[in-house]
Amino acid sequence: MADTTLSFQAARQFLLEHRSDYRAAVAGFRWPELNTFNWALDHFDALASDQPALWIVRDGGGEEKHSFREMSERSNRVANWLRAQGVRRGDRVLLMLGNELALWESMLALMKLGAVMIPATTLLARDDIQDRLDRGHVRHVICGAANVGKFDGVAGSFTRIAVGQAPGWLDFGDSRSASPRYVPEAPTPAGDPMLLYFTSGTTSKPKLVLHSHQSYPVGHLSTMYWIGVQPGDVHLNISSPGWGKHAWSSFFAPWNAGACIFVYQYERFDAPTLLDVLVRHGISSFCAPPTVWRMLIQQDLGAWKVRVREALSAGEPLNPEVIERVREAWGVTIRDGFGQTETTCVVGNSPRQPLKMGSMGRPMPGYPVVLLDEDGNPSDQGELCLALAQRPLGLMLGYADDPAKTADVQRDGHYHTGDVASRDGEGYITYVGRADDVFKSSDYRLSPFELESVLLEHPAVAEAAVIPSPDPLRLAVPKAVIVLAAGTGADRATALSILAFCRERLAPYKRIRRIEFAELPKTISGKIQRGKLRRAEEERRAGGGRGAAEYWDEDFAELKGR
């Protein structure tokens, strides 16, 4: 075993042994020093045993379970087959797959090849796909057969690979006949690019977050520590592929620990059925976004005798009432965690540690967290930053093709998260809010800029500002405050036209759900004051009222089924 692999294994073992001793873990943990490292070859293949690695259960019945040995061999076959199709080190490959076996096979195989994977949600619309192909410099696409139609009319030259049969696409199933023995062409430099994520911004198109063969696989040792997952655990994470949280909790963290990743495939979410799954399959660690937790507590949780040891949530602060309801029913406490697409888990409530209601915990081992005020000085409240003098291994390489943006977020010796937080005397950190205008709807991170760009294409829209409108189930839904073009009536017909227009051009998770015709508050320099709009909307929702010219999509029977 190479020295760098031994260094990784030592760091991993240290965190596993100190999972219940936060102070010792923080004091003694050191990121491994790596030269060449390929996580799929050097770590995952070394786990090759008959222990279960991936367990997929389908809502309609049926399941499949694959051991570490099987997944190692399967990914070898896929890597050999992809190499035969022309996939090479450094090539960028768009992955547009659901929670299915081929996704995990492909991710392992692409790592072994040294290709750069670009995970994408199956919810993407055609314009989103075109943007990823163009700016991601994509050379190959692996897509589920059910979604290949979304590529009709998309420009570009790329290898088309379908999971399932699709006319004009190569059949991923042919990889089954490839050799089960994979030999890499050369060692993998640890700093080589491995993964590229598109993430939302407020004043531009999605940024391209670039991670290396060490920043994400090795960086997720911090996520493994936060989750508290152990070898042999059965870990279920509710997340869709294409989002960073899926790689966090449905790939790297559990397999760093040697645990089994449990996947529950369902067409429509149903809380009682999910609770049945937790019981029937003996889930030991469970992570879900706050939206799911809020749905679960609508049930009589005590009626389900779960064996969950670790309960987790991430995405936005969880309501204390939810935490208390779960604790009363199951005797476990939901633990928060915080990170970004640009990082692994930065802050979290780690296992067996005292929790403070409302706090997202303390810095994870290996993460030098500093709160900086507006003048750039350390403070008890300010922007959550990372000291680059002790650069954490889990921090991204940078934003692809955007050195100016990379330099901006890594200015003055710190990586700037753009998130504001406060810290108490015991080191517990509480989230305050975003420094920019990106917001969460359900578990999806939305960019006002993207949605406003679509709205402005409608001939009736002169100006628009998208803000989060508080919602009891989704946390928030996108609301557009619109200034209409001259001669356009602020009436029901116009509202319907705009909502229908957006539905045709936006993926379902991005849809504008509410609109209001009103003037936009602006600064003296002409910038829209979204802060004022947000505060006014929060007050209005708290009071249960609507604006004089406000319309919600649920008001329109005509939109149903579109």
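Note that these values count all heavy atoms, side chains included, but never hydrogens, waters or copies made by symmetry.
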**Student:** With salt bridge (charged side-chain N to carboxylate O under 4.0 Å, His left out) as the criterion, how do Asp471 and Arg541 come out once you've worked through the C-alpha distance, each side chain's angles and the decisive distance to 0.1 Å?
**Tutor:** CA-CA 8 Å; Asp471 181 84; Arg541 294 277 59 77; over 6 Å; no
**Student:** Salt bridge between Lys522 and Glu463, side-chain N to carboxylate O under 4.0 Å?
**Tutor:** yes
**Student:** When you check the gap from the basic side-chain N to the acidic O, do Asp336 and Lys356 get nearer than 4.0 Å?
**Tutor:** no
**Student:** Is it true that Glu100 and Arg58 make a salt bridge, defined as a side-chain N closer than 4.0 Å to a carboxylate O?
**Tutor:** no
**Student:** Give a yes or no on whether a salt bridge exists between Arg540 and Glu550, defined as a side-chain N under 4.0 angstrom from a carboxylate O.
**Tutor:** yes
**Student:** What's the shortest heavy-atom distance between Gln265 and Asn99, and which atoms?
**Tutor:** NE2-O, 2.5 Å
**Student:** Considering only NZ, NE, NH1 and NH2 on the basic side and carboxylate oxygens on the acidic side, decide whether Asp91 and Arg139 come within less than 4.0 Å.
**Tutor:** yes
**Student:** Mind checking whether Tyr509 and Trp243 have parallel, tilted or perpendicular rings, split at 30° and 60°?
**Tutor:** perpendicular
**Student:** Whether Glu504 and Arg511 form a salt bridge (side-chain N of Lys/Arg under 4.0 Å from carboxylate O of Asp/Glu) is what I want to check.
**Tutor:** no
**Student:** Is any side-chain N of the basic residue among Arg268 and Asp59 closer than 4.0 Å to the acidic one's carboxylate O?
**Tutor:** no
**Student:** Closest heavy-atom contact between Ser106 and Phe172?
**Tutor:** OG-CE1, 3.4 Å
**Student:** Please walk me through it: do Leu506 and Leu451 pass side chain to side chain contact (heavy atoms under 4.5 Å, CB included)?
**Tutor:** CA-CA 8 Å; Leu506 291 170; Leu451 307 189; 3.9 Å; yes
**Student:** Charged N to carboxylate O below 4.0 Å: is that the case for Glu452 and Arg530?
**Tutor:** yes
